[in-house]
Novice: 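Here it is, the structure, as structure tokens.
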There are 2 protein chains.
Amino acid sequence: MRKPANTVELKIDSGRDQPRQKLLTAARQVFAEVGFRAATVREICARAEQNVAAVNYHFGDKFGLYAETLKHETVFNEEMADRELGALAPKEALRTFIVRVFRSFGSADRPAFYTQVMMHELAAPSEGLSAVLDQVIRPRVQVLEKIVGLLIELPPAHPKTRLCVLSITGQIAHYVNSRALISSIWPEWKLNSEDLNEVANHIADYSLAALQTVKRDFSQAASRTRKTR
Amino acid sequence: MRKPANTVELKIDSGRDQPRQKLLTAARQVFAEVGFRAATVREICARAEQNVAAVNYHFGDKFGLYAETLKHETVFNEEMADRELGALAPKEALRTFIVRVFRSFGSADRPAFYTQVMMHELAAPSEGLSAVLDQVIRPRVQVLEKIVGLLIELPPAHPKTRLCVLSITGQIAHYVNSRALISSIWPEWKLNSEDLNEVANHIADYSLAALQTVKRDFSQAASRTRKTR
DNA sequence: ATCCGATTCAAACAGTTGTTTTAAACTATC
DNA sequence: GATAGTTTAAAACAACTGTTTGAATCGGAT
């Protein structure tokens with residue numbers, strides 16, 4: 001035991017690092033299920049069929065494994081998605097964006113890794129939050145700001161654009177964050193991928209209708225003070 | 001030490017149970033901050049200026065304290081609020097409902113207890129989830145179903161009503177669940193109570209516009225199959 | 001076959017957790 | 001004021017955590 005890895009060590013002989021890969025996939029499972037803090041290296045090692053010391057040997061410590069886990073899944077293609085969506089009319093761009101995000105959540109019984117990790121990070125933030133934020137959230141928000149800006153004819157950075165973007169992302173995130181709650185309130189609601197597709201289209205319809213009204217109303221009566229009583 | 005409380009024991013001599021109350025308020029703080037699992041009885045007892053054994057003596061075990069904590073805050077006046085909303089026109093009822101929920105979240109620096117506990121429960125559910133669900137969530141969802149049903153002229157139990165309700169609750173919940181994320185993306189966005197009031201009114205405007213379109217569109221073309229491409 | 005570094009393993013370590021124990025302090029009643 | 005029941009307090013317990021240790025094992029170059 002001489003070089004217990006803190007320097008990341010490129011490792012191009014990737015054919016022969018089964019333990020690392022097994023640890024990574026097991027870790028992704030466990031971190032997604034219970035979050036960083038509640039995850040135990042013993043559980044991870046058990047699933048990966050590795051010794052308890054393997055995590056510290058290969059990744060330095062528990063958080064090193066977590067960070068590697070977050071890094072590894074970053075094979076997203078924002079530019080392509082951006083270009084692709086830019087070619088569509090804004091209305092259809094919004095709809096396909098929503099449908100695509102929903103699809104990336106995975107099915108009801110097998111939600112995607114980032115989806116679950118983000119929930120844990122939001123409830124009990126660790127150092128990993130900013131990584132997920134930079135790599136997954138921020139780019140998508142920028143795409144949405146652009147689309148919504150076109151739809152309501154306001155700049156992407158306008159406060160009203162931001163509110164509308166959050167109205168959309170809020171609707172989407174709800175089916176991730178509160179899935180347990182929804183299933184508990186409406187037990188017959190299965191939320192399989194077909195259902196989620198219907199939900200995605202509902203959100204698109206709902207938001208397109210709202211955005212059209214925003215476009216119409218917001219331009220002139222920008223500063224309407226409303227009493228909340 | 002003879003009767004270490006598992007039978008709840010009404011305790012009407014409430015003037016003299018400082019330790020219990022101090023434990024409960026300290027526990028609410030800690031549970032809200034880090035969730036049930038990550039909370040430690042030592043931290044709770046330290047804040048309550050009580051001995052470590054106090055939790056087990058007064059509440060049986062850690063979860064007994066948690067359950068009592070959840071039970072105790074249920075002195076809400078939902079019924080009154082419900083009756084009050086029924087007297088308003090549906091549009092204004094929706095707006096005041098949203099504003100009121102936002103207000104119950106507390107200000108930015110001091111979010112309400114249930115709000116934070118629910119986040120932790122959703123990310124890492126414990127036995128306490130169903131309690132919060134029954135006492136806080138379900139009643140409010142029913143109120144919303146009624147209002148939205150009136151607005152889109154569909155029964156409260158209709159699937160489309162459900163989707164619209166979730167579109168509204170999703171927008172609201174987003175400012176709770178993802179507050180850390182929002183503050184990180186738009187650091188200048190302070191989200192004080194004035195901001196939140198503006199957000200609440202935006203959500204009302206946004207949703208009223210969408211619901212009007214739903215009412216218009218949904219009645220005739222109920223089963224429109226849409227290709228997602 | 002031999003050697004040396006890299007890897008694996010069982011065991012142990014140090015710290016934290018919820019809970020229990022045991023005795024002391026308190027409180028109200030006779 | 002003595003006494004029985006209730007409450008507090010310090011300490012210890014057992015289980016679990018991430019991490020380290022040091023020896024055993026492996027795999028390829030000599």
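To find a chain, count down the sequence lines: A is the first, B the second, and so on, and within it residues start at 1.
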Novice: Could you work out, with salt bridge (Lys or Arg N to Asp or Glu O under 4.0 Å) as the rule, every residue matching B:E127, not counting sequence neighbours?
Specialist: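 Result, salt bridge (Lys or Arg N to Asp or Glu O under 4.0 Å) vs B:E127: none returned.
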Novice: Looking at every strand, decide which applies to B:A53 at a 4.0 Å heavy-atom threshold: base, sugar-phosphate, or nothing.
Specialist: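 B:A53: base contact, heavy atoms under 4.0 Å.
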Novice: Under the rule for side chain to side chain donor-acceptor pair (under 3.5 Å), what residues qualify as partners of B:Q142, not counting sequence neighbours?
Specialist: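 By the side chain to side chain donor-acceptor pair (under 3.5 Å) rule, B:Q142 matches no residue at all.
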Novice: In this structure, which stretches of DNA chain C are paired as stems of three or more consecutive Watson-Crick or G-U pairs, both distances less than 3.5 Å?
Specialist: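 The stems that DNA chain C takes part in, listed by first number, are C:1-30 with D:1-30.
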Novice: Could you tell me the separation between the CD atom of A:E43 and the P atom of D:dA15, rounded to a whole number of Å?
Specialist: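 Spelled out: CD on A:E43 to P on D:dA15 is 19 Å.
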Novice: Could you tell me how far apart A:F63 (CZ) and D:dT19 (P) are, to the nearest whole angstrom?
Specialist: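 In whole Å, D:dT19 P and A:F63 CZ are 12 Å from each other.
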Novice: Drop me the distance from B:I98's CD1 to B:N201's CG, to the nearest 0.5 angstrom.
Specialist: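 Atom-to-atom, B:I98:CD1 and B:N201:CG are 8.5 Å apart.
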Novice: Decide side chain to side chain donor-acceptor pair (under 3.5 Å) for B:E145 and B:T161; before the verdict, give the C-alpha distance in whole Å, the side-chain angles of both, and the deciding distance to 0.1 Å.
Specialist: CA-CA 7 Å; B:E145 278 178 335; B:T161 308; over 6 Å; no
Novice: Taking only the side-chain nitrogens and oxygens of A:N56, find out if one of them lies under 4.0 Å from OP1 or OP2 of D:dT19.
Specialist: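 A:N56 to D:dT19 OP1/OP2: side-chain N or O found under 4.0 Å.
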Novice: Rounded to whole angstrom units, what separation is found between the CZ atom of B:F59 and the C1' atom of C:dT19?
Specialist: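 The distance from CZ of B:F59 to C1' of C:dT19 comes to 16 Å, rounded to the nearest Å.
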Novice: Send over the distance from B:R20 CZ to D:dT8 C1', rounded to a whole Å.
Specialist: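 Distance check: B:R20 CZ to D:dT8 C1' gives 16 Å.
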Novice: Expressed as a whole number of angstroms, how long is the span from B:Y57:OH to C:dA25:C1'?
Specialist: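 Taking OH of B:Y57 and C1' of C:dA25, I get 13 Å after rounding.
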Novice: Hey, does the side chain of B:H58 come within less than 4.0 Å of D:dT8's phosphate (OP1/OP2), counting only N and O?
Specialist: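 The answer is yes; a side-chain N or O of B:H58 sits under 4.0 Å from OP1 or OP2.
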Novice: From CG of A:N51 over to P of D:dT20, roughly how many Å is that when rounded to an integer?
Specialist: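 That distance rounds to 14 Å.
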Novice: Could you tell me whether B:K22 and B:E49 make a salt bridge, using a distance below 4.0 angstrom between a side-chain N and a carboxylate O?
Specialist: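 Answer for the salt bridge query: yes.
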Novice: Sequence neighbours left out, what passes side chain to side chain donor-acceptor pair (under 3.5 Å) with A:K62? Give chain and number order.
Specialist: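 For A:K62 there are no side chain to side chain donor-acceptor pair (under 3.5 Å) partners, ignoring immediate neighbours.
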Novice: Starting at atom CG of A:D61, determine the distance to atom P of D:dT20, rounded to an integer number of angstrom.
Specialist: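 For the pair A:D61 CG and D:dT20 P, the rounded distance is 8 Å.
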Novice: Where along nucleotides 12-17 of chain C does protein come under 4.0 Å, by heavy atom, of base (B) or sugar-phosphate alone (S), with - for untouched nucleotides?
Specialist: B----B
Novice: Using atom types as modelled and distance alone, determine if a side-chain donor or acceptor of A:Y175 lies under 3.5 Å from a backbone N or O of A:L191.
Specialist: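 Answer holds: no.
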Novice: Under the ring pair (Phe, Tyr, Trp, His ring centres under 6.0 Å) test, which residues partner A:F31, sequence neighbours left out?
Specialist: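 For A:F31 the ring pair (Phe, Tyr, Trp, His ring centres under 6.0 Å) partners, ignoring immediate neighbours, are A:F36, A:Y66.
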Novice: Judged by atom type as modelled, is there a donor-acceptor pair below 3.5 Å linking the side chain of B:N51 to the main-chain atoms of B:A54?
Specialist: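 Such a contact is absent between B:N51 side chain and B:A54 backbone.
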Novice: Rounded to whole Å, how long is the line connecting atom CD of B:Q50 with atom P of D:dA10?
Specialist: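 Answer to the nearest Å: 12 Å.
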